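In this chain, residues are counted from 1 in sequence order. Please read these numbers as outputs of a predicted model, since none were measured by experiment.
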Amino acid sequence: METLSEKLYCQRCKRHTNHHTLSKDNVSLTYTISSSYYDDYQFHDEYHIVQCLGCDNVCFANVYSGDDCQAVDENGHLFYDTTYTVYPEEPKREVVNKKMFHQVNNFTNVPTFINQVYHEVVASFNTEANLLPAAGLRTIVEAICKDIKVSDGFVYKEDGTHVEKDGEKVRSNNLQGKINGLQELGIITLPQRNILHQVRKLGNYAVHEIEFPKRRTIRLGIEIIEKTLENIYELDKYDLAISK
């Protein structure tokens with residue numbers, strides 16, 4: 001049995017370890033393909049059944065060198081670099097921008113269907129997606145209104161006055177009206193209402209205009225939604241148990 005000169009990834013050990021080739025009845029379990037000296041393209045390709053020297057796990061390995069693997073050493077001499085590939089292959093590690101990674105909040109009182117959307121939004125954000133998290137934030141606002149059974153609300157102008165039609169204050173059952181309805185019921189405050197309208201517009205731009213918001217904008221939207229969920233659903237769980 002021959003020990004390979006390079007460590008291979010072991011699925012069982014979850015790290016790179018030394019491996020040796022296996023044989024059966026003194027016959028090496030290695031298949032070799034190589035070019036002849038006279039061929040235009042030079043290569044050497046070996047296929048091995050190998051075993052981890054740490055845990056005895058058996059896997060398949062390919063050792064290859066050829067004209068497409070030529071390299072130059074520090075002395076300027078040409079040599080063939082050898083590549084080692086193990087099967088099953090080593091899992092690829094996703095590179096995550098830690099500065100933009102968002103940790104999921106573990107809510108306990110938020111309704112399951114809202115919490116699921118929230119988790120999907122954060123998971124999508126952490127894969128560096130921009131469009132889907134923005135749409136998801138708007139969906140969470142819709143879900144809050146559905147859970148609280150807010151079906152409509154007044155419509156306001158930019159200056160904060162009511163929109164009127166035929167002398168009557170206009171109500172709307174779209175998301176804009178529902179957010180205003182949350183404030184009418186005292187679920188959220190006026191400043192919170194205005195902030196949720198920003199989240200609504202962020203989602204609208206993403207869904208209808210196909211505009212990709214900046215990541216810091218999405219992260220701010222996630223933080224706003226987290227504060228909203230905590231204020232609406234989580235504050236009641238705190239019992240200071242103050243006795244008079």
Assess the residue pair Ser172 and Phe154 against the criterion (side-chain contact (heavy atoms from CB on, under 4.5 Å)); give the C-alpha distance rounded to whole Å, side-chain angles, the decisive distance to 0.1 Å, and a yes or no. CA-CA 6 Å; Ser172 174; Phe154 289 117; over 6 Å; no
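- If you check the side chains of Glu223 and His102, you find no donor sitting under 3.5 Å from an acceptor.
- Within 6.0 Å of CD in Glu6 there are more than 12 heavy atoms belonging to other residues, nucleotides or ligands.
- In this structure, Asp166 places its CG atom where only 12 or fewer heavy-atom neighbours from other residues, nucleotides or ligands lie under 6.0 Å away.
- Side-chain contact check for Tyr233 and Thr108: no donor-acceptor pair (N or O, by modelled atom type) lies under 3.5 Å.
- Using modelled atom types, one side-chain atom of Tyr118 and one backbone atom of Asn105 make a donor-acceptor pair closer than 3.5 Å.
- Under 4.0 Å is where a charged nitrogen must lie from a carboxylate oxygen, and between Glu128 and Arg215 no such pair does.
- The same ILVMFWY cluster, assembled from side-chain heavy atoms under 4.5 Å apart, contains both Val110 and Phe113.
- A donor-acceptor contact closer than 3.5 angstrom is absent between the side chains of His19 and Glu2.
- Taking hydrophobic clusters as Ile, Leu, Val, Met, Phe, Trp and Tyr residues chained together by side-chain heavy-atom distances below 4.5 Å, Ile225 shares a cluster with Phe107.
- Side-chain rings of Phe125 and Phe101 stay apart, their centers remaining 6.0 Å or farther from each other.
- A 4.5 Å side-chain heavy-atom check between Arg193 and Asn180 finds at least one atom pair inside the cut-off.
- Taking a cutoff of 4.0 Å between a charged side-chain nitrogen and a carboxylate oxygen, Glu184 and Arg171 qualify as a salt bridge.
- Under the 4.5 Å side-chain contact rule for hydrophobic residues, Ile187 and Val141 share a cluster.
- With hydrogens and angles left out, the side-chain atoms of Tyr9 and Glu89 include no donor and acceptor closer than 3.5 Å.
- The side-chain contact (heavy atoms from CB on, under 4.5 Å) test with Thr228 is passed by exactly one of Ile195, Leu182, Ile144, Ile140: Ile144.
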Check the pair Asn173, Ser151 against side-chain contact (heavy atoms from CB on, under 4.5 Å), reporting the backbone distance first and the verdict last. CA-CA 6 Å; Asn173 60 2; Ser151 58; 5.8 Å; no
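- Ile224 and Val104 fall within a single hydrophobic cluster, where Ile, Leu, Val, Met, Phe, Trp and Tyr side chains are chained together by heavy-atom contacts under 4.5 Å.
- Summarising the local packing, OH of Tyr205 is surrounded by 12 or fewer heavy atoms from other residues, nucleotides or ligands at distances under 6.0 Å.
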Take Arg200 and Ile179, measure what side-chain contact (heavy atoms from CB on, under 4.5 Å) needs, and give me the verdict at the end. CA-CA 9 Å; Arg200 172 181 63 84; Ile179 292 174; 4.0 Å; yes
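- Between Cys52 and Thr17, the shortest heavy-atom contact is SG-OG1, 3.1 Å.
- When ring centroids are compared, His48 and Phe60 stay outside the 6.0 Å threshold.
- The hydrophobic clustering, which links ILVMFWY residues whose side-chain heavy atoms are closer than 4.5 Å, places Val207 and Leu131 apart.
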